[in-house]
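This report concerns only the one structure given below.
In listed order, ligands and their atoms are each counted from 1. The first residue in the sequence is number 1, and the count goes up from there. Quick note: numbers below take in every heavy atom, side chains included, and nothing from hydrogens, waters or symmetry partners.
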Amino acid sequence: MESEKKIIFSGMQPTGMPHLGNYLGALKNWVALQDDYRCVYCIVDMHSLTVRQDPLVLRKRSRELLQLYIAMGLDPEKVIIYFQSHVSGHAELAWILNCFTYMGELGRMTQFKEKSQKNADNINAGLFTYPVLMAADILLYNADLVPIGEDQRQHMELCRDIAIRFNNIYGDVFTIPEPYFPKIGARIMGLAEPEKKMSKSDGANENNIVYLLDRPESIIKKFKSAVTDSGHEVKYSPDKPGVSNLLTIYSAAAGVDIKQAESAFEGKGYGVFKQAVGEAVIEFIKPIQSRFDDLNRDKAYVDAIIRANDERANAMAGRMLRRVQKKVGYPAV
Ligand code: ATP
Ligand code: LTN
């Protein structure tokens, strides 16, 4: 029965077109899990405001991300896909949870430290409390499982700590959520800088990032220019970050394990290997791109999906929010 299924929640910022890291680290699992769980997938536009955004671009990217969710294979009749800013419960619960989170905990978050460095002229309070809004997202839907990439592990631990702290005071209000990482691909590195994670908001070197809407020629070009090393062995090893990253991408894209990928390229040069990784990526990206293009031409359909899903998300979030408000002592309405 639908109501007996466990609940999944996850989100992505509309800060740019998703890349291979976002896909292999998170989105791929979202699709894989949609039949066995009740899934809620959010476009976390409120989180994006922690870094300055052009309003027109943000609005366009948010819609494109929703279309991409559908193009990847998420069924909008089955899963809930919606914009965070359309459900006011996120902000309302975040306020309450802010009062159960300590400054010291937030100050220890590595993403906060990194983003403060990158945006030294705009270290705003939202950037600091970002993980509390993320905790509110998850707890608002009573999620059991949260499919994410490795970089979000620390935020998940904080979310669990906040939920446990709240439950210790008020009784069993929140489900304590578990993170869910992919076996291969939880941390995809840049192609040009394989010691740093591939990141949307790090677009200085175009060859570093493969976007899901990149055209095939451009994908092959990026893989051909990927940094490897002065050796010639296609082998997974800590002293070969470039080759290891390409092996990870190949394994995740082709659905084989690392050992199988290594033996497929035994005795072959880096040139052949890079071309094959590019082709494996194009193979799964192609159908996503063609569905995305179709959706771009069907505004009425996308609008209808947005309206229907907003309603479902608000209904689910509203029930939980009222429960929490009652627990903390807000007067009855
Ligand atoms: P930004 O650079 O704007 O912070 P981002 O590229 O880090 O964006 P997010 O929107 O923050 O992407 O993340 C969306 C999801 O993708 C999260 O679950 C995150 O863990 C995952 N993810 C992001 N980058 C990678 C990566 N390089 N490898 C694997 N997973 C990733
Ligand atoms: N912080 C996440 C995005 C995010 C999220 C969430 C992920 C916001 N709220 C809730 C999972 C569950 C990131 O990827 N940077």
Would the distance check show the side chain of Asp214 and the main-chain N or O of Val210 forming a donor-acceptor pair, the cut-off being under 3.5 Å? no
Nearest non-hydrogen protein atom to atom 3 (C) of ligand 2, with distance, is Gly11 O, 3.7 Å
Main-chain N/O of Pro177 paired with Arg160 side-chain donor or acceptor, under 3.5 Å: yes
Per-atom filter on ligand 2: closer than 4.0 angstrom to a heavy atom of Val146 are 11 (C), 12 (C)
Glu283 atom CD, neighbour heavy-atom count above 12 within 6.0 Å | no
task: In sequence, state the C-alpha distance, the side-chain angles, and the governing distance for Asn309 and Arg312, and then conclude on side-chain hydrogen bond (donor to acceptor under 3.5 Å, both in side chains).
output: CA-CA 5 Å; Asn309 277 278; Arg312 294 161 71 205; 2.9 Å; yes
Could you tell me whether Lys299 and Asp294 have a side-chain N and a carboxylate O separated by less than 4.0 Å? no
protein heavy-atom neighbour closest to atom 9 (N) of ligand 2 works out as Asp137 OD2, 2.6 Å
To the nearest 0.5 Å, atom CG of Asp310 lies from atom CZ of Arg307 at 9.5 Å
Honestly, for Gln152 the part within reach of ligand 2 (heavy atoms, under 4.0 Å) is side chain
TODO: Specify whether Phe166 and Phe174 have parallel, tilted or perpendicular ring planes, treating 30° as the upper limit for parallel and 60° as the lower limit for perpendicular.
DONE: tilted
Ligand 2 atoms nearer than 4.0 angstrom to some heavy atom of Ile148 are 7 (C), 11 (C)
Ser10 heavy atoms within 4.0 Å reach ligand 2 at atoms 11 (C), 12 (C)
So for Ser199 against ligand 1, with non-hydrogen atoms under 4.0 Å, the contacting part is both
If we number the atoms of ligand 2 from 1 as shown, the ones under 4.0 Å from a heavy atom of Val44 are 8 (C), 9 (N)
Item to check | Backbone or side-chain N or O of Ile148 under 3.5 Å from ligand 1 N or O | outcome: no
Should the pair Lys197-Asp151 be classified as a salt bridge under the 4.0 Å nitrogen-to-oxygen rule? yes
For Asp144 and Thr175, the nearest pair of non-hydrogen atoms, with its separation, is OD1-CG2, 3.5 Å
If we number the atoms of ligand 1 from 1 as shown, the ones under 4.0 Å from a heavy atom of Gly25 are 29 (C), 30 (N)
Within the 4.0 Å heavy-atom cut-off, what His19 brings close to ligand 1 is side chain
With heavy atoms and a 4.0 Å threshold, my read on which part of Ile138 contacts ligand 2 is side chain
Here the atoms of ligand 1 under 4.0 Å from any heavy atom belonging to Ala186 are 28 (N), 29 (C), 30 (N)
Among Ser10, Gly11, Ser48, Gly21, closest by heavy atom to atom 30 (N) of ligand 1 is Gly21
*Would you please determine whether Gln13 falls within less than 4.0 Å of ligand 2 on a heavy-atom basis?*
yes
Test of proximity, Gln152 against ligand 1: N or O pairs below 3.5 Å
no
Within the 4.0 Å heavy-atom cut-off, what Ile188 brings close to ligand 1 is both
Problem set entry | Aromatic ring pairing Phe112/Phe128, orientation class (parallel under 30°, perpendicular over 60°, tilted between) | perpendicular
Heavy-atom closest pair (Gln154 atom, Arg108 atom, distance to 0.1 Å) is NE2-O, 3.2 Å
For Ala252 and Lys28 the tightest heavy-atom approach is O-NZ, 2.9 Å
Ranked by distance from atom 10 (C) of ligand 2, the top protein heavy atom is Phe9 CE2, 3.5 Å
*Counting both backbone and side chain atoms, is some N or O of Tyr130 under 3.5 Å from an N or O of ligand 2?*
yes
So for Arg187 against ligand 1, with non-hydrogen atoms under 4.0 Å, the contacting part is backbone
The answer for which part of Asp151 has a heavy atom under 4.0 Å from ligand 2 is neither
Next on the checklist: Taking the side chain as everything from C-beta on, heavy atoms only, tell me whether Gln13 gets closer than 4.5 Å to Ile43.
Outcome noted: no
- List the steps, then state whether ring pair (Phe, Tyr, Trp, His ring centres under 6.0 Å) holds for Tyr41 with Phe9. CA-CA 6 Å; Tyr41 296 129; Phe9 183 95; 8.0 Å; no
* Asp151, any N or O under 3.5 Å of ligand 1 N or O -> yes
Applying side-chain hydrogen bond (donor to acceptor under 3.5 Å, both in side chains), run through Glu114 and Thr110 and close with a yes or a no.
CA-CA 6 Å; Glu114 279 169 18; Thr110 50; 5.0 Å; no
Ligand 1 to Gly185, heavy atom cutoff 4.0 Å, flagged ligand atoms 29 (C)
Ligand 1 atoms nearer than 4.0 angstrom to some heavy atom of Lys115 are 1 (P), 4 (O)
Note: ligand 1 atoms sitting under 4.0 Å from heavy atoms of Met12 are 10 (O), 14 (C), 15 (C), 16 (O)
